[in-house]
Amino acid sequence: MTEILFYHLQQQPLEKVLPNLVERSLERQWRAAIQAASEERLQALDDQLWTYSDDSFLPHGTDREADAASQPVVLTLKDTNPNAASIRFLVEGADLPSDAASYARICVLFDGTDQDALLRAREQWKEAKAGGHTIAYWQQDEDGRWQKKA
């Protein structure tokens, strides 16, 4: 089954955490899909992945582009897998994909300061557990390091 990791963001925002996780995925030679729940978030991530660092960027595209299948990272609002990604990142409460079992890993990133986001993550945890997936919960410590809590 798929490994589903829940990242409880408290010390750093999504815009700081996501690029590092995507970089690590690309280092493993994994293609990545990032699914947002709103057009506004999708556009913000699209812009941010080009400019998050002064000395680096993450090559990516959206699923609306003709070359989406060849992109190492694809941003989408849908639960399809346009670039045959091995890892999928779900942000702002995006649903677990219907083909969750086809991924090596799914990462659910949620804002720990937002009560609605916490409730949504708890629903997704229950859904992932009921689906028989391997699940883990990661939380940041005061220094921003990830600690596995469950």
Side-chain angles (χ1 to χ4, degrees), residues 1-26 28 30-53 57-140 144 146 148-150:
M1 276 293 163
T2 300
E3 181 180 32
I4 301 180
L5 307 178
F6 288 79
Y7 286 92
H8 189 155
L9 307 179
Q10 291 180 293
Q11 305 300 324
Q12 297 174 327
L14 174 69
E15 293 77 15
K16 181 142 175 93
V17 172
L18 182 62
N20 292 328
L21 293 174
V22 174
E23 281 181 341
R24 288 187 201 158
S25 300
L26 295 178
R28 290 179 166 209
W30 286 354
R31 289 177 173 257
I34 302 170
Q35 184 179 347
S38 71
E39 184 63 43
E40 294 78 19
R41 174 63 77 181
L42 186 81
Q43 186 58 53
L45 289 173
D46 189 16
D47 294 341
Q48 199 254 338
L49 292 179
W50 290 117
T51 61
Y52 76 96
S53 172
F57 69 92
L58 285 166
H60 68 280
T62 70
D63 62 351
R64 298 178 193 136
E65 297 167 11
D67 65 345
S70 66
Q71 293 292 334
V73 179
V74 171
L75 303 172
T76 185
L77 295 174
K78 303 172 188 167
D79 78 347
T80 59
N81 191 355
N83 66 337
S86 297
I87 186 167
R88 187 172 199 91
F89 295 92
L90 304 176
V91 300
E92 71 172 359
D95 293 333
L96 290 173
S98 57
D99 63 346
S102 70
Y103 293 89
R105 181 175 292 164
I106 294 175
C107 297
V108 178
L109 291 86
F110 62 97
D111 182 350
T113 64
D114 180 330
Q115 189 62 31
D116 290 336
L118 286 169
L119 292 172
R120 177 69 181 127
R122 287 182 185 131
E123 290 171 6
Q124 290 174 304
W125 177 278
K126 290 176 187 172
E127 181 183 350
K129 193 169 187 171
H133 300 286
T134 302
I135 52 178
Y137 170 75
W138 293 83
Q139 189 175 32
Q140 288 177 302
W146 291 104
K148 188 174 181 179
K149 299 290 187 173

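Only a predicted model underlies this, so the values are computations on that prediction, with no experimental measurement involved. One is the number of the first residue; the rest follow in order along the sequence.
- With hydrogens and angles ignored, the 3.5 Å screen pairs a side-chain donor or acceptor of Thr2 with a backbone N or O of Ala100.
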Criterion side chain to side chain contact (heavy atoms under 4.5 Å, CB included) on Gln12 and Asn20, from CA distance to verdict: CA-CA 12 Å; Gln12 297 174 327; Asn20 292 328; 5.6 Å; no
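- Partners of Ala150 according to the side-chain contact (heavy atoms from CB on, under 4.5 Å) rule, which considers only residues two or more places apart in sequence or in another chain, are Trp125, Tyr137.
- Residues Ile4 and Gln124 fail the side-chain proximity criterion, which asks for heavy atoms closer than 4.5 Å.
- Looking at residues two or more places apart in sequence or on another chain, you find a side-chain contact (heavy atoms from CB on, under 4.5 Å) between Arg28 and Trp30, Arg105.
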Intermediate values then yes/no, side chain to side chain contact (heavy atoms under 4.5 Å, CB included), Asn81 and Gln35: CA-CA 10 Å; Asn81 191 355; Gln35 184 179 347; over 6 Å; no
Donor-acceptor contacts, no H, no angles, side chain residues 67-75, under 3.5 Å, sequence neighbours left out:
{"unit_1": "Asp67", "atom_1": "OD2", "unit_2": "Gln71", "atom_2": "NE2", "d": "3.0"}
{"unit_1": "Ser70", "atom_1": "OG", "unit_2": "Asp67", "atom_2": "O", "d": "2.8"}

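- Annotation: the span from Asp116 atom CG to Asp114 atom CG amounts to 5.5 Å, rounded to 0.5 Å.
- Taking OG1 of Thr134 as the start and CE of Met1 as the end, the distance is 9.0 Å to the nearest 0.5 Å.
- The side-chain hydrogen bond (donor to acceptor under 3.5 Å, both in side chains) check on Gln48 picks up nothing, with sequence neighbours excluded.
- Contact detail for Asn83 and Ala33: the closest heavy-atom pair is OD1-CB, 4.3 Å.
- Pairing each heavy atom of Trp138 with each of Ala136, the nearest pair is NE1-CB, 3.9 Å.
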Verdict with reasoning, Ile34 to Leu49, per side chain to side chain contact (heavy atoms under 4.5 Å, CB included): CA-CA 11 Å; Ile34 302 170; Leu49 292 179; 4.0 Å; yes
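- Listed by chain and number, the residues in a side-chain hydrogen bond (donor to acceptor under 3.5 Å, both in side chains) with Gln115 amount to none (sequence neighbours excluded).
- In this structure, Leu18 and Tyr7 have side chains that are not in contact, with every pair of non-hydrogen atoms separated by 4.5 Å or more.
- Of the options Leu109, Ile135, Ile106, a side-chain contact (heavy atoms from CB on, under 4.5 Å) to Phe6 is made by Ile135 and by none of the others.
- Taking the side chain as every heavy atom from C-beta outward, Glu123 and Arg120 approach each other to under 4.5 Å.
- If you take CZ on Arg122 and CG on Leu119, they are separated by 6.0 Å, rounding to the nearest 0.5 Å.
- With sequence neighbours left out, Thr80 forms a side-chain contact (heavy atoms from CB on, under 4.5 Å) with Lys78, Pro82.
- Remark: Glu40 engages no residue in a salt bridge (Lys or Arg N to Asp or Glu O under 4.0 Å) (not counting sequence neighbours).
- The salt bridge (Lys or Arg N to Asp or Glu O under 4.0 Å) test applied to Glu127 returns no partner, not counting sequence neighbours.
- Residues Leu77 and Arg64 come closest through the heavy atom pair CD1-NH2, 3.7 Å.
- Checked by atom type and distance alone, the side chain of Asp99 never pairs as donor or acceptor with a backbone atom of Ser102 at under 3.5 Å.
- Taking CD1 of Ile87 as the reference point, atom CZ of Arg31 lies at 14.5 Å (rounded to 0.5 Å).
- Annotation: ring-ring contact (aromatic ring centres under 6.0 Å, His included) contacts involving residues 60-118, sequence neighbours excluded, comprise His8-Phe110, Trp50-His60.
- For Asp63, the side-chain hydrogen bond (donor to acceptor under 3.5 Å, both in side chains) partners are Thr76, not counting sequence neighbours.
- Proximity of Asp79 to Asp95: side-chain heavy atoms (C-beta onward) are nowhere separated by under 4.5 Å.
- Applying the salt bridge (Lys or Arg N to Asp or Glu O under 4.0 Å) test to every pair with at least one member in residues 11-24, sequence neighbours left out, gives these pairs: Glu15-Arg41.
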Stepwise side chain to side chain contact (heavy atoms under 4.5 Å, CB included) check, Leu90 with Leu96: CA-CA 7 Å; Leu90 304 176; Leu96 290 173; 3.6 Å; yes
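- Evaluation of the salt bridge (Lys or Arg N to Asp or Glu O under 4.0 Å) rule for Asp46 yields no partner, not counting sequence neighbours.
- Here the side chain of Glu92 pairs a donor or acceptor atom with the backbone of Ala37 at under 3.5 angstrom.
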